[in-house]
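Both ligands and their constituent atoms are indexed starting at 1 by order of listing. Keep in mind that this is a model prediction, so the values were computed, not measured.
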Amino acid sequence: MRDTVPSNTMLRRIAASTSTTLRVNGQDLLSFAGTNLLGLGHHPEVLAAAQECLSRCGLSAAASRSTSGNFAEHENLEEALAEFLGLEAALILPSGWLANEAVMQAYGDELDTVLVDADAHTSLWMSTTLTRAQVIDCGASDLTRTHALLDRHGEQHLALLTDGLFPMQRRIAPLAEFLRLLPRKGILLVDDSHGLGFLGQGGRGSLSGAGVNDPRAVMTGSMAKALGAGGGFIASSTGTIERIRRRADAFVGTTPIPPAVAAGARAALQILEREPERVRRLRAHAARLTAIGKRMIQDDAEGRSPVLALPVSDQAAGRALEQKLAAQGLYIPWTEYGGGPGALRVAVSSEHTTQDLERLEEALLQHYQP
Ligand SMILES: Cc1ncc(COP(=O)(O)O)c(C=O)c1O
């Protein structure tokens, strides 16, 4: 497992935001940061839905869902998520991180072996601390190694944990192949926080992109990215969701996301479904970003991603570069997130304009040295 403590502990303080700008140190900067993929967190319909619910229900659910914290907005969002994703049922959790832990709380007891992609998100790795099963790093979408491991452990109760899209590595997990190799009673846990809104039909995520709909697959994700809201979700078969609802302390013993956030997320989902052109624009911008990457660092990774990691290993150099870009009105953070090597993390949104991307390319060409 990777180092989970990022060394860039200095936080930048944001005073205001739009779908493409952040106010940092009193300056409104064109942002190529974060995961605000489709600008939905600032959409007037999303804000109106959240504000209406806020005035009606208050700021907090103020109780777990099993007592008095289960609002209509939570259930409506779960129905909408399941329907949009083409899966039988969905469950929302206070965060994407807890969604992964909830799956392991529900299944960990009966697992013998857990295979985890080497680059899987820290929350997937952390979820493996909730089971006594043997945990094995199965490499980075390494089918040969995974196949060999499944040959050795395939008769046991087994789960395979992976992200759907690894944005920094610009790699899409081979989900169809994983499902082909997975034993009949195995579980494929796919954290699709980054695939939702980008991959698959109309942004339905990496399972849709792989053309698979299999009851052994459990999809999780953060709603703080493409949906511009907050909280996490799990979507799968009715039986799986029912089991998690009953067994996962992360669900039973926590206060859900505020109803207003659930109302906003549902409105965001409706816009995503109604306006697939947002996803198309995001993909076009991601393709442009890939071309910029090839130009800057001779990167030959072919994978699609709205994120480009430009290596800058030294923190002081990363900060200096951040400042030079800020002087030109751009916000692009340097990060060592997840214990990976330091990099300037460049992220595009569907709401950027062609001119925004031109500004980005010019500034990087001027200031970035591989
Ligand atoms: C792949 C992935 N999974 C899970 C999470 C955690 O989601 P949340 O921030 O909703 O807890 C993140 C985080 O940002 C993420 O990138």
For a quick check under 3.5 Å, do Asp112 and Gln134 share a side-chain donor-acceptor pair by atom type? no

Under a 3.5 Å cutoff, is there a donor and acceptor pairing between the side chains of Ser127 and Asn100? no

Is Leu325 reachable from Ile297 through a run of hydrophobic residues whose side-chain heavy atoms are each under 4.5 Å from the next?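 Yes, one cluster joins them.
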
Residue [X] vicinity, atoms of ligand 1 by number, heavy atom under 4.0 Å:
X: Ser123; result: 3 (N), 4 (C)
X: Asp163; result: 1 (C)
X: Trp97; result: 6 (C), 7 (O), 8 (P), 11 (O)

Please verify the inter-ring angle class for His352 with His285; under 30° counts as parallel, over 60° as perpendicular, anything in between as tilted. tilted

Main-chain N/O of Ser17 paired to Thr21 side chain as donor or acceptor, under 3.5 Å: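 Looks like no, no N/O pair under 3.5 Å.
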
Under 3.5 Å: donor-acceptor pair, side chain of Arg132, backbone of Leu111: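 Not a single qualifying donor-acceptor pair exists.
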
Looking only at protein heavy atoms, which one is nearest to [atom], and how far off is it?
atom: atom 9 (O) of ligand 1; value: Ser222 OG, 4.0 Å
atom: atom 12 (C) of ligand 1; value: His121 NE2, 3.3 Å
atom: atom 8 (P) of ligand 1; value: Gly96 N, 3.4 Å
atom: atom 14 (O) of ligand 1; value: Lys225 NZ, 2.8 Å

Sub-4.0 Å heavy-atom contact, Met223 with ligand 1: no

Within 45 degrees of the ring normal and closer than 6.0 Å to the centroid, is that where the cationic atom of Arg204 sits relative to Phe84?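 Relative to the ring axis of Phe84, which defines the angle, Arg204 lies inside both limits.
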
For ligand 1, is there an N or O atom under 3.5 Å from any N or O atom of Asp191?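 Yes; at least one N/O pair falls below 3.5 Å.
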
Counting only nitrogen or oxygen atoms and a 3.5 angstrom limit, does Ala224 reach ligand 1?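 Between Ala224 and ligand 1, no N or O pair is found under 3.5 Å apart.
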
Which is closest to atom 16 (O) of ligand 1 in terms of heavy atoms, His194, Glu101, Met168?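 Closest candidate by heavy-atom distance is His194.
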
Side-chain touch Thr146/Phe178, heavy atoms, less than 4.5 angstrom: yes

